[in-house]
Amino acid sequence: MTNVLRASHGEPLSFVSVGAINGISSAQSTFGLPPLVLGPHVAAASSGLSHALQGETIFGGSVGGGNGFVGNSVNALASTNFQVTPVETKEFYEGLLRNVDPRILQLFVEQGIARELLFYLFTDRIIVEKAGKKAEFRNDPLDPKFGAFQRYVKLAIDYGLASEPQPHRAKVQVADSNKKTTADGPEVWQLCFDDLHRAQNVPEASDTPKCGGKINSVEERTVSFKSPAGELEKLTVMPRSPFGIFQYLGRIAASGEKGQIRLQSDEAIDKPPFKDEVLFEVVSGTQADCYLSVSFKGQDYCIPETAINSKRILGLLTQLIALNTAISDVPVTPSVRVIQ
């Protein structure tokens with residue numbers, strides 16, 4: 001959340017990881033008995049009470065203030081050790097700046113994340129080719145042509161846009177001893193239209209490629225279909241990286257009401273108690289029902305408890321960073337000790 005706010009102010013992002021937190025506390029108390037005199041020579045004066053101290057045994061505090069007697073004391077110690085990992089390495093940023101591919105899209109779809117929400121997060125812009133002419137529409141709520149981008153998001157949802165591995169893998173040569181053989185190349189995922197996700201009462205639109213078919217797309221992020229007007233259109237999706245998603249959410253947060261994106265699909269809006277029509281919501285000022293509140297540059301910011309999609313997105317960002325970061329990317333962690 002703090003990095004989203006940094007992006008909303010045009011400031012550099014900062015990534016650290018707290019590897020482990022170990023707390024240690026101890027308390028010690030010592031209690032001594034009050035002075036108690038026992039012995040054979042005890043005399044009482046008529047005017048008061050006096051004690052003869054010849055041959056007596058004294059327990060508790062020293063009557064004369066000497067050493068060797070148990071007094072009253074309380075000691076307490078608390079310490080906390082935590083490991084701070086600076087993850088801003090070359091390898092980490094290579095993962096953070098790597099564009100989200102269609103495989104990641106399908107991974108989150110299978111986890112139950114609404115496709116409309118994922119399309120907004122993962123798509124930077126789209127390029128539409130129709131009748132030999134190309135047009136570009138950016139995923140920016142402040143862009144004058146943002147309404148056109150939203151129409152294509154709606155079409156993608158209605159036609160069941162999804163992703164799958166390409167049915168035919170390219171062959172690559174493999175050197176084995178003194179002979180060369182061929183093997184399947186790396187798995188490549190492509191966008192496709194899945195009839196299982198097609199909205200009801202939406203007619204066939206000559207959409208290509210079909211999920212489960214036998215066609216490899218020349219470009220894995222390009223699909224074609226017929227628009228409701230009957231025109232054949234080719235749509236190329238230009239993705240963004242996890243770093244770009246932070247910048248995108250920061251722009252939404254900085255734009256206030258103007259930057260709010262209203263969702264269109266029933267899948268993304270959901271039903272009570274999970275109903276939420278807004279993609280990402282950050283409220284300025286102190287709120288009573290905050291899921292998460294952050295103070296940044298003297299200003300309080302809040303993710304409302306009712307902002308279900310915002311909470312999902314924060315969790316999704318954490319998972320994206322983990323998916324793009326290998327364990328070898330994390331350097332040795334220094335330890336910091338705090339004693340209270």
Side-chain angles (χ1 to χ4, degrees), residues 94-129 134 136-139 149-172 184-199 202 205-225 233-249 263-265 267-268 279 312-313 315-326:
E94 284 179 351
L96 194 67
L97 296 174
R98 186 180 303 122
N99 286 336
V100 176
D101 60 33
R103 179 183 64 88
I104 299 296
L105 169 66
Q106 190 62 22
L107 173 65
F108 284 108
V109 168
E110 292 177 355
Q111 306 311 310
I113 306 298
R115 287 177 300 129
E116 183 180 5
L117 188 148
L118 296 173
F119 291 166
Y120 278 116
L121 290 179
F122 294 168
T123 305
D124 180 68
R125 64 192 186 278
I126 58 174
I127 299 174
V128 179
E129 184 176 350
K134 292 184 178 181
E136 181 178 279
F137 303 101
R138 302 192 65 83
N139 179 10
F149 176 86
Q150 288 186 300
R151 287 195 296 272
Y152 280 102
V153 170
K154 181 69 165 58
L155 287 174
I157 295 169
D158 289 345
Y159 291 164
L161 186 64
S163 67
E164 68 172 2
Q166 287 186 340
H168 306 290
R169 291 195 188 184
K171 297 293 183 179
V172 295
D184 289 336
E187 186 177 65
V188 177
W189 284 66
Q190 66 183 17
L191 295 179
C192 58
F193 292 101
D194 192 342
D195 288 337
L196 293 176
H197 293 299
R198 180 183 292 274
V202 174
S206 301
D207 33 6
T208 305
K210 287 280 193 179
C211 295
K214 298 181 179 180
I215 298 177
N216 275 19
S217 294
V218 177
E219 168 53 52
E220 61 266 21
R221 297 185 179 92
T222 298
V223 294
S224 61
F225 61 94
E233 300 187 24
K234 186 167 70 172
L235 178 70
T236 301
V237 178
M238 307 303 293
R240 57 164 56 102
S241 64
F243 183 86
I245 295 175
F246 276 104
Q247 300 296 328
Y248 177 65
L249 297 177
L263 300 173
Q264 307 173 73
S265 66
E267 178 192 26
L279 176 69
R312 286 172 177 161
I313 287 173
L316 187 148
L317 277 175
T318 302
Q319 296 171 46
L320 267 181
I321 293 175
L323 288 172
N324 281 272
T325 306

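Given the structure is predicted, the values throughout are model-derived calculations rather than measurements.
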Donor-acceptor pair between S217 and T222 side chains, under 3.5 angstrom: no
Can you tell me how far apart OG (S241) and CG (L320) are? Round to the nearest 0.5 Å. 10.0 Å
Restricting to non-hydrogen atoms, name the atom on A114 and the atom on A268 that form the minimum distance, rounded to 0.1 Å. CB-CA, 3.5 Å
With I313 as partner, the option from I245, I113, L249 fulfilling side chain to side chain contact (heavy atoms under 4.5 Å, CB included) is L249
Could you please spell out the steps behind the side chain to side chain contact (heavy atoms under 4.5 Å, CB included) verdict for R240 and Y248? CA-CA 9 Å; R240 57 164 56 102; Y248 177 65; 3.4 Å; yes
With a 4.5 Å heavy-atom cut-off, do K210 and C192 have their side chains touching? no
Test log, rule salt bridge (charged side-chain N to carboxylate O under 4.0 Å, His left out), inputs D207 and R198: CA-CA 11 Å; D207 33 6; R198 180 183 292 274; 2.4 Å; yes
Which heavy atom of I215 sits nearest a heavy atom of P209, and at what distance? O-CB, 4.2 Å
Once you round to the nearest 0.5 Å, how far does CD of E267 lie from CG of L117? 9.5 Å
Between L96 and P242, the two heavy atoms sitting closest are O-CD, 3.2 Å
Of the non-hydrogen atoms in E164 and G212, which two are nearest, and what is the gap between them? OE1-N, 2.8 Å
Heavy-atom neighbours of R103 CZ exceed 12 at 6.0 Å: no
Heavy-atom pair with the smallest gap, counting every atom of R115 and L161: NH1-O, 3.2 Å
What residues form a ring pair (Phe, Tyr, Trp, His ring centres under 6.0 Å) with Y152, not counting sequence neighbours? F137
Let me check something: any side-chain donor-acceptor pairs from residues 118-126 under 3.5 Å, sequence neighbours excluded? List them with distances.
residue: Y120; atom: OH; partner: Q150; partner atom: NE2; Å: 3.3
residue: T123; atom: OG1; partner: F119; partner atom: O; Å: 2.8
residue: R125; atom: NE; partner: E136; partner atom: OE1; Å: 3.2

Before giving the answer on side chain to side chain contact (heavy atoms under 4.5 Å, CB included), spell out for F225 and L235 the whole-Å C-alpha distance, their side-chain angles and the decisive distance to 0.1 Å. CA-CA 8 Å; F225 61 94; L235 178 70; 4.0 Å; yes
Under the side chain to side chain contact (heavy atoms under 4.5 Å, CB included) criterion, do E116 and Q264 qualify, and how do the steps go? CA-CA 8 Å; E116 183 180 5; Q264 307 173 73; 3.7 Å; yes
Salt bridge (Lys or Arg N to Asp or Glu O under 4.0 Å) partners of E220, counting only residues at least two apart: none
Can you tell me how far the CG atom of L97 sits from the CZ atom of F243, to the nearest 0.5 Å? 6.5 Å
Measuring from L191:CG to L105:CG, what's the distance to the nearest 0.5 Å? 7.0 Å
Suppose we screen for side-chain hydrogen bond (donor to acceptor under 3.5 Å, both in side chains). Which residues come up paired with K234, at least two apart in sequence or across chains? E129
Between CD of E233 and OG of S206, what distance do you get to the nearest 0.5 Å? 12.5 Å
Results of ring pair (Phe, Tyr, Trp, His ring centres under 6.0 Å) for F246 - residues two or more places apart only: F15
Side chains of Q190 and P167: closer than 4.5 Å at any heavy-atom pair? yes
Please list, chain by chain and in numerical order, all residues satisfying side-chain hydrogen bond (donor to acceptor under 3.5 Å, both in side chains) with D158, sequence neighbours excluded. K154
Does H197 use its side chain to pair, donor to acceptor, with the backbone of I157 at less than 3.5 Å? no
Between CG of L107 and CH2 of W189, what distance do you get to the nearest 0.5 Å? 8.5 Å
